[in-house]
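Both ligands and their constituent atoms are indexed starting at 1 by order of listing.
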Amino acid sequence: MEGNAAVLCGLGAWVPPRVVSNKELTTALDTSDEWIRSRTGIEQRYLVDKGMATSDLAVEAGKRAIESAGSPPIGAVVLATTSPDRLCPGTAPEVATRLGLVDVPAFDIAAACGGFMYGLTVASSLVSTGLSGHILLIGAEAFSTMVNPQDRSTAVLFGDGAGAVVLRGGEPGEPGEIGPFDLGSDGGKADLLAVPAGGSRQRFVAATGQGLADARPPEYFLHMDGPEIFRNAVKRMTSSSRKVLDQIGWTPDEVDALAAHQANLRIVSAVGERLGIPQEQWLTNADRVGNTLTASIPILLAASAAKDLLRPSDRVVLTAFGAGLTWGSAAMTWPQITPRIDVIP
Ligand code: ACO
């Protein structure tokens with residue numbers, strides 16, 4: 001008989017095959033490898049080719065997470081994404097069907113880079129209800145399709161990819177248990193990071209000008225106030241992580257791994273320093289993947305576990321922040337788990 005604590009039992013990740021270096025970006029943008037590395041720590045990212053969508057990435061990561069869990073029956077699929085295949089309907093039902101999961105509940109969560117932490121909280125709650133059995137949670141993004149390829153202030157930051165976890169019911173205190181959680185939002189700062197047009201507020205209008213590769217006016221792409229986002233990201237991830245640490249009763253030097261959203265390495269460093277968690281415990285791979293939004297934390301976890309940087313019974317703090325604004329954190333102990341990941345970024 002399974003208990004109602006949510007326990008991590010499957011982990012997988014997948015990135016698209018095309019690697020794009022900083023140097024390659026300099027052919028089309030007025031930027032440099034030096035600028036990108038020094039401001040963000042990013043050296044390369046994986047990007048989708050034309051024709052590849054978020055659901056394609058989600059299916060690959062989901063398949064691997066289910067295999068990693070030993071292919072149990074899956075009772076529900078939750079997909080955290082900022083770049084759904086279509087405005088309507090949600091992408092999760094299609095992903096579930098393509099994974100052979102017929103008739104299961106499947107829905108999207110839209111909380112931008114905070115989305116994986118929102119998803120983890122919702123998926124854990126589903127486990128606790130006992131209604132759904134094993135839950136598949138995927139974070140997947142083809143967000144490069146929403147970034148203006150001619151805007152150097154945003155185009156260099158993001159990468160595409162997907163990561164996924166499977167949660168099961170278990171006993172309180174067993175390795176792999178996830179919680180406590182902290183979530184928050186501040187819609188008063190929504191404009192700091194937004195794609196203004198294309199929804200019900202600023203509706204679609206046909207482009208009249210020429211120039212952009214696919215003729216989309218600039219308001220259909222991401223707009224960002226970088227420095228303000230930086231400040232808010234550091235503030236919110238730090239305070240949210242502290243709440244979780246207080247709740248679980250761990251001191252910063254008792255934390256074995258900090259899995260912070262990989263927006264960029266400067267943000268991760270600032271959060272790690274303010275929390276007082278020693279640098280050796282910060283997990284990082286933004287240099288290899290860039291900012292993959294909702295996919296960031298599960299790709300980081302899969303890559304870190306594959307590199308043996310996460311070991312059974314490790315005390316882990318997960319924290320993320322994104323557009324909305326949204327943020328969220330959780331504590332967990334690391335289980336005995338073998339991630340499924342082909343390319344380890
Ligand atoms: N190449 C060269 N120069 C650039 C580039 C580029 N790719 N992008 C901007 N610049 C220029 C700017 O035009 C500006 O020039 P100016 O001084 O002549 O006006 C100069 O560089 C400095 O720009 P700043 O924005 O002040 O640079 P900053 O040190 O703040 O770094 C950065 C910019 C990296 C975007 C930083 O603000 C940041 O990390 N912000 C957080 C952004 C983020 O992570 N967003 C992701 C989504 S939210 C999340 O995941 C947390």
Side-chain angles (χ1 to χ4, degrees), residues 20-45 80-83 110-118 139 141 143-161 163 184-187 189-196 218 221-241 258-274 284-287 289-300 318-329:
V20 177
S21 66
N22 291 346
K23 187 157 178 282
E24 188 176 336
L25 291 179
T26 64
T27 57
L29 284 171
D30 179 16
T31 188
S32 66
D33 177 47
E34 197 281 328
W35 192 96
I36 302 169
R37 276 179 200 252
S38 63
R39 303 296 172 115
T40 70
I42 297 166
E43 297 173 12
Q44 63 163 51
R45 69 286 292 142
T81 186
T82 323
S83 44
C113 302
F116 187 77
M117 296 312 302
Y118 273 64
E141 304 283 0
F143 193 71
S144 61
T145 60
M146 299 172 74
V147 174
N148 185 342
Q150 296 173 355
D151 176 5
R152 68 177 183 173
S153 68
T154 53
V156 302
L157 301 177
F158 298 96
D160 301 324
S185 75
D186 178 3
K189 296 192 173 75
D191 290 339
L192 292 181
L193 189 62
V195 179
F221 290 113
L222 182 75
H223 286 241
M224 180 180 77
D225 179 338
E228 268 305 305
I229 285 292
F230 191 113
R231 274 189 280 279
N232 280 276
V234 173
K235 176 176 143 188
R236 296 303 191 176
M237 281 196 274
T238 304
S239 61
S240 177
S241 299
L258 172 65
H261 169 57
Q262 300 288 295
N264 67 53
L265 295 180
R266 280 168 67 210
I267 292 178
V268 174
S269 305
V271 172
E273 276 164 16
R274 278 164 180 73
T284 59
N285 69 349
D287 54 332
V289 291
N291 181 346
T292 57
L293 299 100
T294 61
S296 173
I297 287 183
I299 293 177
L300 178 69
L318 316 173
T319 187
F321 167 90
L325 306 174
T326 64
W327 57 89
S329 305

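The contact set between ligand 1 and I229, taken as ligand atoms under 4.0 Å from a residue heavy atom, comprises 41 (C), 42 (C), 43 (C), 45 (N), 48 (S). Taking a cut-off of under 4.0 Å to the non-hydrogen atoms of T40, the atoms of ligand 1 that pass are 34 (C). Numbered from 1 in the order shown, with element, the atoms of ligand 1 that lie under 4.0 Å from a heavy atom of L193 read 47 (C), 48 (S). Against a heavy-atom cut-off of under 4.0 Å, V156 is close to the following atoms of ligand 1: 7 (N). Shown in contact with F321 at under 4.0 Å from a heavy atom are these atoms of ligand 1, numbered in order with element: 49 (C), 50 (O), 51 (C). Under a 4.0 Å criterion applied to the non-hydrogen atoms of M224, ligand 1 contributes the atoms 35 (C), 42 (C), 43 (C), 45 (N). Using a 4.0 Å cut-off to heavy atoms of A263, the atoms of ligand 1 that qualify are 44 (O), 49 (C), 50 (O), 51 (C). Shown in contact with P227 at under 4.0 Å from a heavy atom are these atoms of ligand 1, numbered in order with element: 25 (O), 30 (O), 37 (O).
For atom 14 (C) of ligand 1, no protein non-hydrogen atom is found at a distance below 4.0 Å. Distance check on atom 18 (O) of ligand 1: every protein heavy atom falls at or beyond the 4.0 Å cut-off.
Residue G226 places at least one N or O, backbone or side chain, under 3.5 Å from an N or O of ligand 1.
Contact of the Q262 side chain with the I299 side chain is not registered, since no non-hydrogen atoms from C-beta on lie closer than 4.5 Å. Contact check for Y118 versus T326: side-chain heavy atoms found under the 4.5 Å cut-off. Counting heavy atoms from C-beta outward, N22 and V156 have side chains that stay 4.5 Å or more apart. A heavy-atom distance below 4.5 Å is not found between the side chains of F158 and S144. Residues E141 and T81 meet the side-chain proximity criterion, which asks for heavy atoms closer than 4.5 Å. Two residues are said to be in side-chain contact when any heavy atoms from C-beta on lie closer than 4.5 Å; F143 and L222 meet this criterion. Considering only heavy atoms from C-beta on, F116 stays 4.5 Å or farther from S296 through its side chain. Using a 4.5 Å heavy-atom cutoff, the side chains of T82 and M146 are not in contact.
Considering only non-hydrogen protein atoms, atom 39 (O) of ligand 1 sits nearest to N264 ND2, 2.7 Å. The shortest contact between atom 38 (C) of ligand 1 and any protein heavy atom is with F230 CD1, 3.6 Å. From the protein, the heavy atom lying nearest to atom 31 (O) of ligand 1 is R266 NH1, 3.8 Å. Among protein heavy atoms, atom 10 (N) of ligand 1 sits closest to W35 CZ2, 3.4 Å. R152 NH2, 3.6 Å is the protein heavy atom nearest to atom 11 (C) of ligand 1. Given atom 24 (P) of ligand 1, the protein heavy atom at minimum distance is R39 NH1, 4.2 Å. Ranking the protein heavy atoms by distance from atom 1 (N) of ligand 1 puts T31 OG1, 2.6 Å first.
No donor-acceptor pair under 3.5 Å is formed between the side chain of S240 and the backbone N or O of M237.
Environment of CG in D191: sparse, with no more than 12 heavy atoms of neighbouring residues, nucleotides or ligands closer than 6.0 Å. The number of heavy atoms from other shown groups lying within 6.0 Å of CZ (R266) is above 12.
Rounded to the nearest 0.5 angstrom, L300 CG and L318 CG are separated by 9.0 Å.
For N291, the heavy-atom gap to ligand 1 drops under 4.0 angstrom.
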